[in-house]
K.L.:
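I'd like to ask you about the structure that follows.
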Number of protein chains: 2
Amino acid sequence: MAYRRTPQIQARLDAQRAGIVQAASDLVAESGYAAASVSRVAARAGIAPGTVYNHFAGKAELLAEVFRVVVGNEVDAVRQATQRAGSAVERVVAVVETFAGRAMKRPRLAYALLAEPVDPKVDELRLRFRRAFTEVVADAIADGVRSGELPPQNAGVVASALVGAFGEVLVGPLATGQADPDTVPTAITFATRGIGATDATHA
Amino acid sequence: MAYRRTPQIQARLDAQRAGIVQAASDLVAESGYAAASVSRVAARAGIAPGTVYNHFAGKAELLAEVFRVVVGNEVDAVRQATQRAGSAVERVVAVVETFAGRAMKRPRLAYALLAEPVDPKVDELRLRFRRAFTEVVADAIADGVRSGELPPQNAGVVASALVGAFGEVLVGPLATGQADPDTVPTAITFATRGIGATDATHA
DNA sequence: GTCTATAGTTCGATAGAC
DNA sequence: GTCTATCGAACTATAGAC
């Protein structure tokens with residue numbers, strides 16, 4: 001063996017891999033999955049196209065990794081937002097505001113992650129991460145029911161309804177880039193009413 | 001010209017094409033898109049695999065056509081259900097019950113159409129047909145607001161929220177085949193409350 | 001990482017329609 | 001007699017197993 005993978009080499013490879021994912025994320029954030037060709041990703045990462053395949057079995061694997069990393073951060077952000085909030089209603093509102101607020105800051109990226117037709121592997125991840133979001137919301141609903149703040153209801157079903165609603169509400173504005181200014185307030189009112197909160201008005 | 005496409009031939013070709021779509025639909029309804037290989041579709045339609053390519057440019061085109069035909073029927077069914085109903089609330093309830101009821105009768109098919117990871121071309125159609133469902137619901141909401149039955153709200157945004165909610169609520173049960181018996185009632189209560197109907201109780 | 005199996009697609013030959 | 005639709009085996013690529 002003339003070559004051993006020393007810690008230094010390993011660190012460089014890890015950094016290279018992270019650079020590839022970052023370059024691909026940036027391209028997706030700018031122009032969607034369609035713009036994230038292997039050659040463009042490689043060019044932005046400062047490497048040769050073939051080097052991408054040292055880290056990923058193919059383009060689909062790379063895009064799946066981008067999805068995992070970016071959406072994983074979104075799930076964390078939403079989870080943390082619910083932990084800062086108090087009542088169940090506040091927690092659900094925090095989910096919408098956090099989710100929508102972050103999406104609107106990088107609309108092209110959000111559209112790509114939420115809806116852009118890409119690859120069955122990414123579809124698979126969409127399903128999985130939707131379940132992760134749903135669990136966060138379901139916890140809030142279940143707590144609210146336990147405390148008596150919300151009427152009795154099937155927390156899992158209602159949580160999936162809310163997650164589906166939030167996602168679908170954002171797809172339109174994100175696709176066109178034209179966000180009706182009362183999209184988020186409407187979603188909040190809808191969600192608040194839907195879970196049976198006693199006061200559904202918003203100044 | 002020694003050969004012209006006569007009406008008889010054309011009719012036979014049309015029937016053959018329809019037979020291919022039907023065979024593919026049946027396979028998807030039984031075991032999902034994964035079971036709809038070109039050779040199996042051809043076998044069920046009683047033709048050779050190559051003949052499929054006289055009608056469709058490729059497998060993706062065939063699956064897209066299956067989606068168009070089947071989901072087109074679903075949109076029609078939901079639209080007709082809303083036309084039979086009276087008030088806005090009844091129309092929204094009719095959407096859930098029709099949509100969910102038909103889905104539960106052919107759960108494997110419904111899952112395939114709603115969520116099964118397949119091909120970007122089908123993803124594209126999912127987005128398009130979701131907009132069609134949303135328009136039906138938005139009409140009901142807008143009418144309800146106009147008549148004073150519902151509080152003022154952005155009908156388009158609320159309709160997309162409802163469509164997203166209904167779809168997401170069904171994905172779980174359809175994927176597992178285990179439908180929690182109060183899934184649909186929960187969805188109805190959620191939807192009724194969400195649109196601000198005054199009476200959200202259900203016996 | 002290699003190998004095998006399977007699935008999508010192509011294409012020359014054949015049969016049948018005009 | 002010419003043209004077209006169909007067949008089905010061969011090719012190619014991809015994916016899963018070891």
Side-chain angles (χ1 to χ4, degrees), chain A residues 1-5 9-10 13-14 16-17 20 24 33-34 36-39 41-42 47-68 117-128, chain B residues 1-69 108-109 111-113 115-125:
Chain A
M1 253 195 255
Y3 181 94
R4 271 196 352 161
R5 189 169 285 195
I9 293 290
Q10 187 59 51
L13 288 175
D14 290 349
Q16 187 176 63
R17 182 187 157 101
I20 294 168
Y33 280 118
S37 67
V38 172
S39 59
V41 170
I47 60 176
T51 305
V52 171
Y53 292 91
N54 292 338
H55 297 277
F56 301 96
K59 181 184 177 181
E61 293 289 338
L62 167 59
L63 295 185
E65 179 66 7
V66 168
F67 188 98
R68 257 181 238 111
V118 193
D119 186 281
K121 283 176 185 164
V122 171
D123 283 347
E124 188 85 48
L125 292 174
R126 284 193 178 118
L127 292 173
R128 193 178 320 166
Chain B
M1 249 193 257
Y3 183 97
R4 273 196 11 182
R5 188 169 285 192
T6 62
Q8 283 84 3
I9 293 291
Q10 186 60 52
R12 192 178 59 77
L13 288 174
D14 290 349
Q16 187 177 63
R17 184 190 157 99
I20 294 168
V21 172
Q22 185 63 52
S25 300
D26 291 348
L27 285 169
V28 173
E30 287 164 16
S31 315
Y33 280 118
S37 69
V38 173
S39 58
R40 292 179 69 167
V41 170
R44 183 180 276 239
I47 59 174
T51 303
V52 172
Y53 293 88
N54 292 340
H55 299 278
F56 301 96
K59 183 186 179 181
E61 293 288 339
L62 167 59
L63 295 185
E65 180 65 8
V66 169
F67 188 97
R68 259 182 238 111
V69 169
R108 193 65 190 77
L109 178 64
Y111 177 76
L113 299 172
E116 184 180 343
V118 194
D119 186 281
K121 282 176 185 166
V122 171
D123 282 347
E124 189 84 46
L125 292 174

K.L.:
CZ of B:R68: more than 12 outside heavy atoms within 6.0 angstrom?
P.N.:
yes
K.L.:
In whole angstroms, how far is the C1' atom of C:dT9 from the CZ atom of B:F56?
P.N.:
16 Å
K.L.:
Of the listed nucleotides (C:dG8, D:dC7, D:dA5), which one gets closest to any side-chain atom of B:Y53?
P.N.:
C:dG8
K.L.:
Nearest 0.5 Å, please: how far is CD in B:Q8 from CG in B:L13?
P.N.:
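Reported to 0.5 Å precision, the distance equals 12.0 Å.
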K.L.:
Do the side-chain N or O atoms of B:R4 get closer than 4.0 angstrom to the phosphate oxygens (OP1, OP2) of D:dA5?
P.N.:
no
K.L.:
B:V66 and side chain to side chain contact (heavy atoms under 4.5 Å, CB included): which partner among B:V122, B:V21, B:I20?
P.N.:
B:V21
K.L.:
Which nucleotide, C:dT9, D:dT6, C:dA17, lies nearest any side-chain atom of B:Q16?
P.N.:
D:dT6
K.L.:
Let me know the distance between CZ of B:R17 and C1' of D:dT6, rounded to the nearest Å.
P.N.:
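It works out to 17 Å between those atoms.
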K.L.:
Using the rule side chain to side chain donor-acceptor pair (under 3.5 Å), only one of B:Q16, B:R17, B:E65 pairs with B:H55; which is it?
P.N.:
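It is B:Q16, the one option of B:Q16, B:R17, B:E65 that forms the side chain to side chain donor-acceptor pair (under 3.5 Å) with B:H55.
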K.L.:
What is the distance, to the nearest angstrom, from the CD1 atom on B:I20 to the C1' atom on D:dT6?
P.N.:
11 Å
K.L.:
Whole angstroms only, please: what is the CZ-P distance between B:R12 and C:dG16?
P.N.:
11 Å
K.L.:
Would you say a side-chain N or O of B:S37 is under 4.0 Å from OP1 or OP2 of C:dA7?
P.N.:
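Checking B:S37 against C:dA7: no side-chain N or O falls below 4.0 Å of OP1 or OP2.
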K.L.:
In whole angstrom, what separates B:K59's NZ from C:dT6's P?
P.N.:
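Checked: the NZ to P distance equals 15 Å.
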K.L.:
Between C:dC18, D:dC7, D:dA5, which nucleotide gets closest to the side-chain atoms of B:I9?
P.N.:
C:dC18
K.L.:
What is the distance, rounded to the nearest whole Å, between atom CG of B:L63 and atom C1' of C:dA7?
P.N.:
13 Å
K.L.:
Counting side-chain heavy atoms from CB outward, which of D:dG8, D:dC7, C:dA17 is closest to B:P49?
P.N.:
D:dG8
K.L.:
Figure out the NE2/C1' separation between B:H55 and D:dT4, and round it to whole Å.
P.N.:
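It works out to 12 Å between those atoms.
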K.L.:
By nearest atom, which of the nucleotides D:dT6, C:dA17, C:dT9 is closest to the B:Y3 side chain?
P.N.:
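The answer is C:dA17.
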K.L.:
What nucleotide among C:dC18, C:dT9, D:dA5 has an atom nearest to a side-chain atom of B:R5?
P.N.:
D:dA5
K.L.:
Quick check on DNA chain C: between B:R40 and B:A57, whose nearest nucleotide comes earlier from the 5' end?
P.N.:
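Whichever sits nearer the 5' end wins; that is B:R40.
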K.L.:
Among C:dG8, D:dC7, C:dC18, which is the nearest nucleotide to the side chain of B:T6?
P.N.:
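Output: C:dC18.
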K.L.:
Where do A:K121 and A:E61 land on the salt bridge (charged side-chain N to carboxylate O under 4.0 Å, His left out) test, with the steps shown first?
P.N.:
CA-CA 8 Å; A:K121 283 176 185 164; A:E61 293 289 338; 3.5 Å; yes
K.L.:
Closest approach to the side chain of B:A48, judged atom by atom: which nucleotide of D:dC7, D:dT6, C:dC18 is it?
P.N.:
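For B:A48, the side-chain atoms sit closest to D:dC7.
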K.L.:
Rounded to whole Å, please give me the gap between CD in B:E61 and P in C:dT9.
P.N.:
10 Å
